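Right, one structure below, let's go through it.
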Amino acid sequence: MSKTSSAVKNRYNAKAYDRITTLVKKGEKEKIKAHAEKLGKSLNAYMNDLIKEDMSESE
């Protein structure tokens with residue numbers, strides 16, 4: 001991937017997405033990531049699905 005391609009993707013992501021940072025204890029990230037992979041999801045998709053599910057339950 002060229003620098004130009006990365007720069008274009010970074011600009012698009014900055015316009016299209018908000019970033020949320022989550023802190024977990026050492027070792028927990030790998031456990032969560034492994035669980036997400038068992039479900040056939042990326043870590044990001046897994047977390048987004050959990051948030052959407054929780055928010056829909058409270059509506």
Side-chain angles (χ1 to χ4, degrees):
M1 183 181 324
S2 69
K3 287 185 179 183
T4 304
S5 179
S6 293
V8 170
K9 288 178 184 179
N10 289 340
R11 279 196 307 272
Y12 173 78
N13 287 339
K15 288 181 190 176
Y17 299 101
D18 288 325
R19 184 173 296 274
I20 299 172
T21 303
T22 303
L23 300 175
V24 295
K25 291 189 178 201
K26 288 279 186 187
E28 288 298 306
K29 178 182 174 184
E30 289 306 315
K31 291 178 189 176
I32 297 166
K33 186 176 178 182
H35 185 73
E37 288 173 355
K38 284 182 194 174
L39 299 173
K41 299 179 182 184
S42 68
L43 181 57
N44 189 64
Y46 176 61
M47 293 178 70
N48 277 309
D49 289 349
L50 288 173
I51 292 166
K52 287 177 191 171
E53 182 181 325
D54 184 65
M55 289 176 68
S56 70
E57 290 175 2
S58 65
E59 291 179 349

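In this text the structure is predicted, and so the values were computed from the model without any measurement.
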L50 backbone acceptor or donor facing D54 side chain under 3.5 Å: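 Between the backbone of L50 and the side chain of D54 there is no qualifying donor-acceptor contact (under 3.5 Å).
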Rounded distance (nearest 0.5 Å) linking atom CG of N13 with atom CZ of R11: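 Here the interatomic distance stands at 11.5 Å.
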Shared-cluster residues of M55, by chain and number - hydrophobic side chains joined below 4.5 Å: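 In the cluster with M55 are I51.
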ILVMFWY clustering at 4.5 Å (side-chain atoms), partners of I20: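 ILVMFWY cluster around I20 holds nothing else.
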Listed once per pair and sorted, the side-chain hydrogen bond (donor to acceptor under 3.5 Å, both in side chains) pairs that draw on residues 40-49, sequence neighbours left out: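 Qualifying pairs: K41-D49.
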With a cut-off of 3.5 Å and sequence neighbours excluded, list every side-chain donor-acceptor pair involving residues 22-33.
unit_1 : atom_1 : unit_2 : atom_2 : d
E28    : OE2    : K31    : NZ     : 3.3

Of all pairs that satisfy ring-ring contact (aromatic ring centres under 6.0 Å, His included), the ones with a partner from residues 12-33, not counting sequence neighbours: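 Output for this query is empty, none listed.
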